[in-house]
Amino acid sequence: MVIRREDYRPPAWLVPEVRLDFDLDAAATRVRARLSVTRNGADGEPLRLDGAGQVPLSVTVDGVAIDDWRLEGEQLVVPLAGAAHVVETEVEIAPDHNTQLMGLYASGGILCTQCEAEGFRRITYFPDRPDVLSRYTVRMTADAARYPVLLANGDPGATGTLDDGRPGIRHWAEWHDPFPKPSYLFALVAGDLAVNRGSFTTRSGRAVELGIWVREADLARTDHALDALKTSMAWDERVYGREYDLDVFNIVAVDDFNFGAMENKGLNIFNSRYILADPDTATDYDYDGIAAVVAHEYFHNWSGNRITCRDWFQLSLKEGFTVYRDQGFSADQGSAAVKRIEDVRTLRAAQFPEDAGPLAHPVRPDAYQEISNFYTATIYNKGAELIRMMATMLGPVAFRAGTDLYFDRFDGTAATCEDFVACLEEASGVDLTQFRRWYGQAGTPRVSASLSHGAGGGRATLRLAQRVPATPGQPDKQPMVLPLRLRLFGAETGRPLTDEQLVLLDQPAATIVFEAVTERPVLSINRGFSAPVIVESDRSAADLAFLSAHDDDPFARYEAMQQLMLDTLVAGAIEGSADYDAVIDAVANTLDDPDLDAAFVAEAVMLPSEAFVGDQLAVVDPDAIFRAREALRGDLARRLEARWRLAYDRAPAVPYVYSPDQKGRRRLRNVALGYLAASGAGDAAALAFAQFGAADNMTDRQAALTTLVNGDAPERDVALAAFHDRYAGNGLVLDKWFQAQALSARDDTTDRVAALATHPAFTLANPNRARSLIGAFGANQRAFHRADGAGYRFLADQLIALDRLNPQTAAKLLPPLGRWRRFDAGRAALMRAELARIVAVPGLSRDLFEQASKSLEG
Ligand code: TRP
Ligand code: ZN
């Protein structure tokens, strides 16, 4: 069934108050729900309550059992005569058997919930839609020994023990959340948990008790998350004027979780990979991710919870804005330029291919079959770029006035993307009429830029044009508003010839004239990645090398280097060889520049990924791309070997400290290690192995392992075995072990990955494990696209098996198979055959069916 945005109707009934009573047990949990309902629609409309997987054991209206209720599909329909009633239902559910990890489920002995988007209906009958806001009171009763800690949303209330004749001591706890919220923000947790406590005093003086709840054994790895939480709370006050609003804020970490984390009001639930860290088990990258996700979920308290979404088509209202907010937070914790480089790399790796493929959809979609499939890079990351563009166009003061107006006007309501844009417009006076097309049109715009200079005449002319490609269901596009930050530099003097200007390209084409340009100008465009577009320019290798050394915008320097590398790799892949000199000189200059910090240098000297090179080609040839990239990499490595050794020695002091400076130096050191291995230097494997053994932190240990895993030195198997044995029992670290092997550049990777799928530590039941092997393998361009189709067959087999356990996670791993249009006829046929095999599986989930069938149509 297809759900359409245009079909939105306000709810016929509201539920201002809910009382939930849980008799918790892993095998059989009883849920009694007492809903105070008020009529919001026409007389005669019955109450419709969503359900999934359960049956009503009893239904009462105003205290009287009724029998004129009926089931329509999985909806419970209750005829009601008046304008306000109290409706009570009772159901029984089995958390132990819940492998989908939606609703109430068990994770390693902890009972927890995940309700976004439509999980609450798996717990009890309810109008499970985000525009029905209720005040919740929750009572949980459970075995006191097994589940000593009982948590829910809001503030804690009464507790007690009871003797009901059953074996063991049972206890109960009540929680009350004073803020009306949609059902997707409901949460409870019951388990044997230890807590890392902290406190935060808001700027108006409210004392908030903070708690990070984990298994006792993990307690020592929660300090970084707690620090990040406090920093986030202060940041949101300072930057957006947003204060926390309850007396407690709890976070619980569980090992089995479909996504990163969930922003349930006052009770965030996290995938443990975004909470647990210490230097021995987590990389710098993991530390960054933890701070970003803790901030993201915390920021949702305003952008998502206080103001929620009217319907799921508005998902980017909360997700795009909240990603934009967490990106700003992370940028403020270290190098803003490096953070921007990382965010753009993520966008290009995840969102651009989505926007160019069969699953392309607008930031505000028009239709879906399964909403879980729309938690995408487009909604999240492109959505954040839309907010960023509006912030650029408004400037910081007007943008803040706009967000203040939005928070003020829509507090306590379920809003739309349009409401947000209208507030920015009203507060700033900037007309965003045409900008709104960004919400409705899918596809990555392409901008062509051509600069000419009349020799001697002193006038430069920049010709810009835009084109938005066709996407499924959207053959014709209107021109967008593209905010392009640009500047000209003098090719001879290296000096800027103009100030930076913000050009709003809102026509199919435009010409910009610069007067008094006294030397040949070089164009720096889309600085800071001011618009999420693909720029096609006619800049020469020499001009790109020049910008990589002289541009005053660090992002633009990085970008010029990337473009230079990309042009070289594309030429290499198509022609079998290319001229590497410009790249090698530019990399040498960057490594030699004493003014650049290590973190930036590390980003700038890394080659674009194979996948990104593939995105530039009419037909992707994974083998040719691999060969071209290895050739350039080898040449860079050998010709600059002395410099890589110097960079390698810029190692940070021990012991490990997670700081921007140390992090940057570790990064550069490990990039240098990769190049030394690529150079074929006789001591490279020994160097990596020594680092592997001596490292006092996971960043260096994992980097050394990855370097060895890509090669065939005998140290490889020794390191893999040592790593495995050292961390046996730590699933989060074993994920790194699986992932390193799934991403390996070796020829035998496909077979090795198939063997790893039967390793005792591997299980499809845990989403992190599934992603670390199956997800990483799908991203391995050469291994996955092996010409005989073995990679495709393996992925399809795994997805079919995973779909029976966890449809949401299976559907998330499908997209690599859907890119068949981008490959040669042989590979395309093999990929399509696997998609067809998936679609034909009896009893396939709606999640996987939607993704596979759309991918097949292309
Ligand atoms: N709202 C969550 C976030 O972005 C995402 C999320 C967590 C989610 N769990 C989910 C989305 C399950 C869909 C299904 O912060
Ligand atoms: Zn979110």
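Order of listing sets the numbers, starting from 1, for every ligand and every atom in it. Remember, predicted model here, so these are calculated numbers, not experimental data.
- Residues Trp235 and Tyr298 keep their aromatic ring centres 6.0 Å or farther apart.
- Residues Thr346 and Asp343 bring no donor and acceptor atom of their side chains to less than 3.5 Å of each other.
- Here the closest non-hydrogen pair linking Ile269 and Cys112 is CD1-CB, 4.3 Å.
- For residues 247-257, the set of pairs meeting the side chain to side chain donor-acceptor pair (under 3.5 Å) definition, not counting sequence neighbours, comprises Ser107-Asp256, Arg206-Asp247, Trp213-Asn250, Arg215-Asp255, Asp255-Ser272, Asp256-Asn766.
- Where the criterion is an N or O separation shorter than 3.5 Å, residue side chain and backbone included, Asn258 fails it with respect to ligand 1.
- With sequence neighbours excluded, the residues satisfying side-chain hydrogen bond (donor to acceptor under 3.5 Å, both in side chains) with His361 are Thr376.
- Atoms of ligand 1 lying under 4.0 Å from any heavy atom of Glu116, numbered from 1 in the order shown and given with element: 1 (N), 2 (C), 10 (C), 12 (C), 13 (C), 14 (C).
- Counting atoms of ligand 1 from 1 in the listed order, those under 4.0 Å from a heavy atom of Glu297 are 3 (C), 15 (O).
- The NE2 atom of His296, the Zn ion (ligand 2) and the OE1 atom of Glu319 define an angle of 110° (nearest 10 degrees).
- Residue contact check: Glu263 has heavy atoms under 4.0 Å from atoms 1 (N), 2 (C), 3 (C), 15 (O) of ligand 1.
- The heavy atom nearest to atom 4 (O) of ligand 1, out of those in Phe259, Tyr375, Tyr380, is found in Tyr380.
- Between Arg242 and Asp404 there is a salt bridge, with a side-chain nitrogen of the basic residue lying less than 4.0 Å from a carboxylate oxygen of the acidic one.
- Distances from atom 10 (C) of ligand 1 to the heavy atoms of Gln114, Glu319, Lys812, Glu118 show the closest one on Gln114.
- Under a 4.0 Å criterion applied to the non-hydrogen atoms of Lys318, ligand 1 contributes the atoms 1 (N).
- Listed by number with element, the atoms of ligand 1 under 4.0 angstrom from any heavy atom of Ala261 are 2 (C), 3 (C), 5 (C), 6 (C), 7 (C), 15 (O).
- The distance from the SG atom of Cys115 to the CD1 atom of Ile123 is 4.0 Å, given to the nearest 0.5 Å.
- Every atom of ligand 1 is numbered from 1 in the order shown, and the set under 4.0 Å from a heavy atom of Met262 is 1 (N), 2 (C), 7 (C).
- The distance from the CG atom of Leu267 to the CG atom of Leu151 is 6.0 Å, given to the nearest 0.5 Å.
- Set against the non-hydrogen atoms of His296, the atoms of ligand 1 under 4.0 Å away are 3 (C), 4 (O), 15 (O).
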